[in-house]
Amino acid sequence: MAQKTMIQAITDALAVELENDKDVLVFGEDVGKNGGVFRATADLQDKFGEEQVFDTPLAESGIMGLSFGLALEGYRAVPEIQFFGFVFEAMDEIVGQIARTRYRMGSTRNLPITLRAPFGGGVHTPELHSDNLEGLIAQAPGIRVVIPSNPYDAKGLLISSIKSNDPVVYLEHMKLYRSFREEVPDGEYEVPLDKAGIAKEGNDITIVTYGAMVRESLKAAENLAKENISVEVIDLRTVSPIDMETIIASVEKTNRVVVVQEAQKQAGVAAKISSDIAEKAILSLEAPIGRVSAPDTVFPFGQAEGIWLPNAADIEEKVKEIANF
Amino acid sequence: MAKKKTIDFQALLNEVDTLFPTYQALDQDGNVVDESLVPDLSDEQLVELMSRMVWSRVLDQRSTALNRQGRLGFFAPTAGQEASQLASHFAFEKEDVLLPGYRDVPQLIKHGLPLYQAFLWSRGHVVGNEYKDDLQALPPQIIIGAQYVQAAGVALGLKKRGKKNVAFTYTGDGGSSQGDFYEAINFAGAYKANGVFYIQNNGFAISTPRDQQTAATTLAQKAVAAGIPGIQVDGMDPLAVYTVSKLAREWAANGNGPVLIEAVTYRYGAHTLSGDDPTRYRSKELDDEWQKKDPLIRFRNYLQNKGLWTKEQEEEVMENAKQEIKDAIAEADKVPKQKVSDFLKNMFEEQPQNIQEQIKFYEAKESK
């Protein structure tokens, strides 16, 4: 085992699957020689050749259409969209075509496609690079949205996604790429899709979150422990569809919950979780469901990210409010 | 001081036009005008192609009638496009992958989709899209141009597998305005993938005339920007359509890269039977002019002159087609109603919690 950053864990997962299955194809803009703008695919073309790892012309709808066709021919397509904010160009192929093909063809065809893309705030990108658009895809039935929060999960979830016969949108938070290291096993292992993880056990209040907000929530939980508030942190890992069993079991134990997301408040993942908790466990609750999110503006200009993005302090404040209700 | 160079932009435009003549083998009376474009088809094959075109005309007429009786759902008329549709399809192999637009149902059926399933698709029943493994095709595409980018992917997949097969796909003149159209031919060109991309230019995208789609004189010339061959063919001429398709298929199957074909054709009917009224945007004169170019008249004359086709033969094909349609409607009527629980099971191979819960709920509801 070795200490790895999240991006190294992702590269590792791609290498493992490219090696194990020659039908796995990794492609996208600049993924070949350049190894991707974040180097997620660094050296993969050298190791596996241009047949398995290749650059595409610059056109997102074309990339996803290519994925559709290759998957139909029995390949496991692992396309990269360079930044998830560019996904609008490919929305028809992802949501209108790939997500519904199994349904549309009465389950006579599968499309094993794992779309990888970086996203998320805090790294001062120009506009339309960082946007949290997971809620947009989560609105569509037939496609999973997977968001890892740490290197171990990143590798195991990516391997599970590539091996799955169902399509997956796998989103990599840019701020997590190189911010810390963790033990990551060599070779193949899987972290199951559709299953949330308990990032930290606790008894007084549950935080449900995902992606970069898991780190912020853990920081908040550490501070709150000093004030004798025991926080349980649930890391969703798959944000669509959502593992409500794990959430409900935790809420039934702690009787209080705060849902945290980096994305804007309107609609989206936290809204879905809040309404499901209200539907399934309202009598377990001893306080309103708390929510921490970004405000309902367009994703901010780089210099304003510090004030716009939710952080550990915001989470602490909301948890105290709900804990003391 | 040197004299500044003058560039004649009009001449540049005119030069492009000379590169895209309309290929034609038969004139509108069925006389051979270009022997070099007459394909090496046996007498039996020529008769088979004519039979398919007549079958398609009957299917169009019967589908229109069935739609009006409420026994079919969505229908996009095909009459006028028989050469463009059936003669192009005739040039492909069963193992070639067909990615059709919503008007390309006749080709799908000839590619192996049972007729009753085509009717179920029209009625909005999922069984219409349950394709057997050996049917190398996708269901008709609704989003204009989406099948083009998918075809580029299939074409690349076939090339990677080392197969001598192609992906072939159809869109209309309106489809050639879509970004996906260009992305597809550009991708397939960049990878020299095994694709044949068809534009069936029937003059109108619903009501918008061809000359408002683009300033380009032909749609075939759009291939130039992708670095692939583009060719325009008389889409009312089955022999020219077949020859051009066959040559394009061979070119693409042999690893030379994709081809773009523009077939100039016409739909006599409405865009679809869902409320479109072509008299709002088309004149009777224009309809009459195109009727004179009818692919069936043209091919019938050609075959009769060769002693290969008679009125009796045509009537027999028509009677058989009507019987086949009648049987298929009866078969479609027997298919059980759809269930929401089945829809839910089709969403994912591995069912997540929300789907499992909802399956239980709907199975209980459906068992009542």
Side-chain angles (χ1 to χ4, degrees), chain A residues 23 25 27 51-52 54-75 77 89-90 92-93 96-110 112 141-144 160 164-167 192-195 238 240-246 276, chain B residues 97 99 125-133 135-136 138-139 141-143 145-161 163 167 169 178-180 182-184 186-191 193 195 226 338 342-357:
Chain A
D23 282 343
L25 303 177
F27 52 93
E51 277 295 308
Q52 260 188 297
F54 53 94
D55 286 326
T56 62
L58 201 159
E60 284 74 19
S61 186
I63 291 170
M64 295 317 298
L66 200 73
S67 306
F68 185 119
L70 287 167
L72 197 70
E73 279 306 297
Y75 289 97
E89 301 287 340
D92 175 54
E93 279 302 321
Q97 308 290 327
I98 290 166
R100 68 177 69 202
T101 291
R102 191 173 195 281
Y103 166 84
R104 179 175 179 242
M105 296 190 72
S107 76
T108 58
R109 299 291 187 282
N110 287 315
I143 194 158
R144 288 184 169 84
S160 298
S164 164
N165 283 331
D166 295 322
L193 305 180
D194 305 337
K195 290 281 167 227
T238 299
S240 179
I242 289 165
D243 174 7
M244 284 310 299
E245 275 174 19
T246 300
D276 274 21
Chain B
V97 185
L99 294 97
H125 197 300
V126 64
V127 169
N129 283 354
E130 289 178 1
Y131 287 12
K132 291 210 163 66
D133 285 347
L135 175 51
Q136 300 290 350
L138 283 175
Q141 177 59 249
I142 296 298
I143 300 300
Q147 70 275 30
Y148 257 53
V149 279
Q150 294 162 8
V154 173
L156 177 60
L158 293 168
K159 186 187 176 79
K160 282 181 160 299
R161 296 270 185 230
K163 289 185 185 169
T169 185
Q178 286 278 358
D180 275 355
Y182 175 72
E183 291 188 26
N186 187 59
F187 269 60
Y191 294 122
Q338 302 172 101
D342 287 339
F343 291 157
L344 284 159
K345 288 170 193 165
N346 291 341
M347 291 310 306
F348 293 100
E349 187 178 72
E350 299 284 336
Q351 287 152 8
Q353 287 171 27
N354 59 330
I355 299 277
Q356 288 175 25
E357 270 174 35

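Every chain is numbered from 1 and lettered A, B, ... according to where its sequence line falls, protein lines coming before strand lines.
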Colleague: Calculate, to the nearest 0.5 Å, the distance between atoms OG and CD belonging to Ser164(A) and Glu350(B) respectively.
Modeller: 7.0 Å
Colleague: Does a side-chain heavy-atom distance below 4.5 Å link Phe68(A) with Leu138(B)?
Modeller: yes
Colleague: Looking at Asn354(B), Asn346(B), Val126(B), Asn186(B), which one has more heavy-atom pairs under 4.5 Å with chain A than the rest?
Modeller: Asn346(B)
Colleague: Can you tell which of Gln97(A), Glu93(A), Met64(A) makes a side-chain contact (heavy atoms from CB on, under 4.5 Å) with Val149(B)?
Modeller: Glu93(A)
Colleague: Below 4.5 Å, heavy-atom pairs only: which of Pro139(B), Ala152(B), Ala190(B) has the largest tally toward chain A?
Modeller: Pro139(B)
Colleague: Tell me whether Arg161(B) contacts the main-chain N or O of Glu73(A) through its side chain, where contact means a donor paired with an acceptor under 3.5 Å.
Modeller: yes
Colleague: So which part of Val127(B) gets closer than 4.5 Å to some heavy atom of chain A, the side chain, the backbone, both or neither?
Modeller: neither
Colleague: Determine, stepwise, if the pair Gln353(B) / Asp194(A) fulfils side-chain hydrogen bond (donor to acceptor under 3.5 Å, both in side chains).
Modeller: CA-CA 8 Å; Gln353(B) 287 171 27; Asp194(A) 305 337; over 6 Å; no
Colleague: In terms of heavy-atom pairs under 4.5 Å, which option from Lys195(A), Arg144(A), Met244(A) contacts chain B the most?
Modeller: Arg144(A)
Colleague: Check whether Asp243(A) gets within reach of chain B through its side chain, its backbone, both or neither, counting any heavy atom under 4.5 Å.
Modeller: both
Colleague: Shortest non-hydrogen contact from Glu183(B) to Gly62(A)?
Modeller: OE1-N, 2.5 Å
Colleague: So do the side chains of Ser107(A) and Glu349(B) get within less than 4.5 Å of each other, counting heavy atoms only?
Modeller: no
Colleague: To the nearest 0.5 Å, what is the distance between CG on Leu156(B) and CG on Leu25(A)?
Modeller: 8.0 Å
Colleague: Among Lys345(B), Lys132(B), Gln141(B), which has the most heavy-atom pairs under 4.5 Å with chain A?
Modeller: Gln141(B)
Colleague: Within 45 degrees of the axis of the six-membered ring of Phe348(B) and under 6.0 Å from its centre: does Arg102(A) put its NZ or CZ there?
Modeller: no
Colleague: So do the side chains of Gln178(B) and Asp92(A) get within less than 4.5 Å of each other, counting heavy atoms only?
Modeller: no
Colleague: Using a 4.5 Å cut-off on heavy atoms from C-beta on, say whether the side chain of Tyr103(A) contacts that of Asp342(B).
Modeller: no
Colleague: Should we count CZ of Arg100(A) as having more than 12 external heavy atoms under 6.0 Å?
Modeller: no
Colleague: Please flag which part of Gln150(B) lies under 4.5 Å from any non-hydrogen atom of chain A: side chain, backbone, both or neither.
Modeller: both
Colleague: Against chain A, label Tyr148(B) side chain, backbone, both or neither, depending on which of its atoms sit under 4.5 Å from a heavy atom there.
Modeller: neither
Colleague: With only heavy atoms counted, which part of Leu72(A) is less than 4.5 Å from chain B, the side chain, the backbone, both or neither?
Modeller: side chain
Colleague: Relative to chain B, which segment of Thr101(A) carries a heavy atom at a distance below 4.5 Å: side chain, backbone, both, or neither?
Modeller: neither
Colleague: Start with the C-alpha gap between Met105(A) and Glu130(B), add the side-chain angles, then the distance that decides, and say whether side chain to side chain contact (heavy atoms under 4.5 Å, CB included) holds.
Modeller: CA-CA 5 Å; Met105(A) 296 190 72; Glu130(B) 289 178 1; over 6 Å; no
Colleague: How close do Thr56(A) and Tyr191(B) get, heavy atom to heavy atom, and via which atoms?
Modeller: CA-OH, 3.2 Å
Colleague: Name the region of Ile143(A), side chain, backbone, both or neither, that has any atom closer than 4.5 Å to a heavy atom of chain B.
Modeller: backbone
